[in-house]
Trainee: 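Provided herewith is a single structure, encoded as structure tokens, for subsequent inquiry.
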There are 2 protein chains.
Amino acid sequence: MATGRTHRPATRSRGIPEATVARLPLYLRALTALSERSVPTVSSEELAAAAGVNSAKLRKDFSYLGSYGTRGVGYDVEYLVYQISRELGLTQDWPVVIVGIGNLGAALANYGGFASRGFRVAALIDADPAMAGKPVAGIAVQHTDELEHIIESNGVSIGVIATPAGAAQQVCDRLVAAGVTSILNFAPTVLTVPDGVDVRKVDLSIELQILAFHEQRKAGEETPEAGAPATSGRAAAVAAAAEAAAAADRKGPDGDVPAVMPA
Amino acid sequence: MATGRTHRPATRSRGIPEATVARLPLYLRALTALSERSVPTVSSEELAAAAGVNSAKLRKDFSYLGSYGTRGVGYDVEYLVYQISRELGLTQDWPVVIVGIGNLGAALANYGGFASRGFRVAALIDADPAMAGKPVAGIAVQHTDELEHIIESNGVSIGVIATPAGAAQQVCDRLVAAGVTSILNFAPTVLTVPDGVDVRKVDLSIELQILAFHEQRKAGEETPEAGAPATSGRAAAVAAAAEAAAAADRKGPDGDVPAVMPA
DNA sequence: CCATCTTTGTGCACGCGTTCACAAAGACAT
DNA sequence: ATGTCTTTGTGAACGCGTGCACAAAGATGG
């Protein structure tokens with residue numbers, strides 16, 4: 001794979017699978033913990049255990065970055081921390097704006113994990129005039145009117161949307177128009193963006209619903225074996241049928257997301 | 001599945017792919033919005049657009065649940081809302097406890113999207129004695145000592161961990177020991193749980209890092225990779241060490257709950 | 001310098017998920 | 001009733017990700 005044996009940290013970013021990219025932060029965190037304990041090297045087996053993944057997967061992931069390990073020894077922790085950080089782009093400073101300073105926005109602003117990873121909260125923006133000037137996490141909240149100015153003068157390319165669902169698309173459009181090309185969306189909406197703009201979504205409600213699905217399955221299947229698929233779940237279906245009416249009155253309070261949090 | 005052509009709408013719960021389960025909440029949200037607008041039916045094409053997915057994928061997803069559509073017409077919105085809700089287990093009430101009432105925990109407690117989806121916040125739990133009794137989102141915070149009692153007396157099976165990373169595993173262990181079998185983890189730690197317990201992780205820092213990766217790639221596509229003098233691994237190691245030190249500096253200006261979610 | 005031992009890097013196969021493309025099913029008009 | 005038209009449901013092919021298993025690489029000890 002590697003052209004020659006050069007330890008040249010060439011940016012072969014073209015060939016890194018998305019699934020691998022998603023795991024790099026995981027490895028980085030485990031490596032950072034090792035680094036703090038002054039551990040010089042780790043084997044793929046140890047690091048995989050710390051990151052909660054398969055060791056073969058970890059080795060394959062690292063192979064996409066280059067040959068940074070030493071056979072018979074393992075990986076140099078400090079060196080690997082740097083390589084992954086560089087690959088993820090964390091060796092440079094990323095100014096970030098957070099739009100929507102409700103409960104969640106404030107939590108994000110107070111989140112210490114940003115600064116330690118190369119992310120810097122450049123501004124907090126809210127549509128409520130009463131919020132303007134109020135300090136949150138040591139930063140004065142600015143009004144939405146300033147959005148374009150803030151983005152451009154700070155060279156912000158990453159935006160976080162923590163507004164109610166109804167305002168998300170509009171905020172998104174303004175962010176993109178002002179130059180933002182990556183968006184982390186906490187609002188429970190499908191954002192439409194032009195090509196070249198990345199959107200990632202974090203949705204608490206969805207995660208809970210997935211858990212509920214598995215929880216229901218656990219409760220409904222006392223039999224450890226998956227046999228009798230035709231009859232299994234029948235009892236649950238009957239029980240659920242009684243709840244049909246309850247499901248029907250979904251209208252009321254669900255109208256629009258009251259809080260700032262995703263639905 | 002191909003054997004025989006029984007048109008029974010039986011819940012073939014055993015055969016629903018995980019990827020499909022993860023999308024069901026997405027469909028449900030889009031359908032709920034349609035329901036509120038009193039739209040009677042939708043085609044797979046329309047619904048897919050609203051949910052931001054491919055229409056073929058949507059149809060295949062629904063096919064795992066049964067044949068709930070009408071050819072030439074589409075899907076009955078209300079009926080589908082019920083079917084998906086039932087499949088996800090949202091027709092029943094799920095008491096949930098939130099452990100760690102810092103910035104994020106408070107945001108979660110205030111999140112209105114829970115109640116409307118069958119989730120009910122049964123209790124808020126925090127280790128800080130000063131928090132005990134303080135109302136958050138209309139619910140009095142209880143001390144960690146009460147954890148087991150709360151879980152058992154309320155029959156809680158889903159727990160949300162929003163504590164600092166250092167406390168997460170311990171809290172997790174106690175939750176599991178008390179009977180919780182599904183955990184939504186916001187702490188940046190790999191939780192170890194016994195078989196039969198589901199854990200889902202939400203990690204803000206990871207999402208941002210993935211965005212940074214793509215952002216960096218975008219920026220580096222035209223220009224020949226800014227900076228990063230190759231072979232300077234040693235100097236970089238110093239930088240990495242500095243980062244480690246910064247990471248260790250978890251104490252924020254907010255003495256209350258400085259690191260609800262350290263990275 | 002050679003043998004042995006450890007651990008990486010990866011070729012390969014398998015399974016899951018996605019997408020295409022189309023026949024079957026039903027609505028609707030005549 | 002019959003034909004036409006719309007849209008579902010799904011067989012089949014494809015591609016990606018995962019995990020196994022092992023040869024190559026290098027450290028270590030004699």
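A, B, ... follow the sequence lines: proteins, then strands. Residue 1 opens every chain. All values below come from the heavy atoms of this structure, side chains included, with hydrogens, waters and symmetry mates left out.
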Trainee: NA contact type, B/Tyr75, heavy-atom cut-off 4.0 Å: base, sugar-phosphate, or nothing?
Mentor: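 Sugar-phosphate only.
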Trainee: Test of understanding: with side-chain contact (heavy atoms from CB on, under 4.5 Å), list the residues that count as partners of B/Ser55, not counting sequence neighbours.
Mentor: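 For B/Ser55, the residues satisfying side-chain contact (heavy atoms from CB on, under 4.5 Å) (neighbours in sequence not counted) are B/Ser44, B/Glu45, B/Ala48, B/Arg59.
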Trainee: Starting from P on D/dG9, measure out to CG on B/Leu65 and report it in whole angstrom.
Mentor: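 Checked: the CG to P distance equals 10 Å.
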Trainee: What's the closest nucleotide to the side chain of A/Ser67 if the choices are C/dG9, D/dT10, D/dA27?
Mentor: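 Taking heavy atoms from C-beta onward, the closest nucleotide is C/dG9.
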Trainee: Suppose we screen for side chain to side chain donor-acceptor pair (under 3.5 Å). Which residues come up paired with A/Glu46, at least two apart in sequence or across chains?
Mentor: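 A/Ser43.
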Trainee: C/dT8 C1' sits how many Å from A/Leu80 CG, rounded?
Mentor: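 About 13 Å, once rounded to whole Å.
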Trainee: Side chains of A/Leu108 and A/Phe114: closer than 4.5 Å at any heavy-atom pair?
Mentor: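 Sidechains of A/Phe114 and A/Leu108: in contact.
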Trainee: Does a side chain donor of either B/Gln83 or B/Tyr79 reach within less than 3.5 Å of an acceptor in the other side chain?
Mentor: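 Per modelled atom types, B/Gln83 and B/Tyr79 side chains form a pair under 3.5 Å.
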Trainee: Atom pairs, N/O to N/O, protein against nucleotides 28-30 of chain C, distance under 3.5 Å?
Mentor:
none

Trainee: Identify all pairs in which a protein N or O lies below 3.5 Å from an N or O of nucleotides 15-19 of chain D, and state each distance.
Mentor:
residue, atom, partner, partner atom, Å
D/dT18, OP1, A/Arg23, NH1, 2.9
D/dT18, OP2, A/Arg23, NH1, 3.3
D/dT18, OP2, A/Arg23, NH2, 2.9
D/dG19, OP2, A/Lys57, NZ, 3.2
D/dG19, O6, A/Lys60, NZ, 2.7

Trainee: Hey, could you give me each pair passing side-chain hydrogen bond (donor to acceptor under 3.5 Å, both in side chains) that has a residue in residues 183-198 of chain B? Not counting sequence neighbours.
Mentor: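 Passing the test, one end in residues 183-198 of chain B: A/Lys218-B/Asp198.
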Trainee: Strictly below 4.0 Å, heavy-atom distances to any atom of DNA chain C: list the hits from residues 41-50 of chain A, or just say none.
Mentor: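 Per residue number, the list reads A/Ser43, A/Ser44.
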Trainee: For residues 18-26 of chain A, run the donor-acceptor check on the side chains, cut-off 3.5 Å, and write out each pair with its distance to 0.1 Å, sequence neighbours left out.
Mentor:
residue, atom, partner, partner atom, Å
A/Glu18, OE1, B/His214, NE2, 3.3
A/Glu18, OE2, B/His214, NE2, 2.9
A/Thr20, OG1, A/Asp61, OD1, 2.6
A/Arg23, NE, A/Tyr27, OH, 3.4
A/Arg23, NE, A/Asp61, OD2, 2.7
A/Arg23, NH2, A/Asp61, OD1, 3.1
A/Arg23, NH2, A/Asp61, OD2, 3.3

Trainee: Using atom CG of B/Leu58 as one end and atom P of C/dG17 as the other, report the distance to the nearest whole Å.
Mentor: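 It works out to 16 Å between those atoms.
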Trainee: When the distance from CZ of A/Arg59 to P of C/dT7 is rounded to whole Å, what number comes out?
Mentor: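 Value for this atom pair: 11 Å.
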Trainee: How would you list, by chain and number, every residue that makes a side-chain contact (heavy atoms from CB on, under 4.5 Å) with A/Asp173, sequence neighbours excluded?
Mentor: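 A/Asp173: side-chain contact (heavy atoms from CB on, under 4.5 Å) contacts with A/Gln169.
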Trainee: Under the rule for salt bridge (charged side-chain N to carboxylate O under 4.0 Å, His left out), what residues qualify as partners of B/Arg200, not counting sequence neighbours?
Mentor: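 Per chain and number, B/Arg200 pairs via salt bridge (charged side-chain N to carboxylate O under 4.0 Å, His left out) with A/Glu207.
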Trainee: Taking only residues two or more places apart in sequence, or in another chain, which ones meet A/Val180 in a side-chain contact (heavy atoms from CB on, under 4.5 Å)?
Mentor: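 A/Val180 satisfies side-chain contact (heavy atoms from CB on, under 4.5 Å) with A/Ile151, A/Val156, A/Leu175, A/Ile183 once adjacent residues are dropped.
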Trainee: Could you walk me through whether B/Tyr75 and B/Phe62 pass the ring pair (Phe, Tyr, Trp, His ring centres under 6.0 Å) check?
Mentor: CA-CA 10 Å; B/Tyr75 299 91; B/Phe62 285 175; 5.1 Å; yes
Trainee: Mark yes or no for a side-chain to base donor-acceptor pair under 3.5 Å between A/Arg71 and C/dT8, with no hydrogen or angle criteria applied.
Mentor: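 A donor-acceptor contact between them is present.
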Trainee: For B/Thr181, what residues pass the side chain to side chain donor-acceptor pair (under 3.5 Å) criterion, not counting sequence neighbours?
Mentor: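 Checked B/Thr181 against side chain to side chain donor-acceptor pair (under 3.5 Å); matches are A/Glu215.
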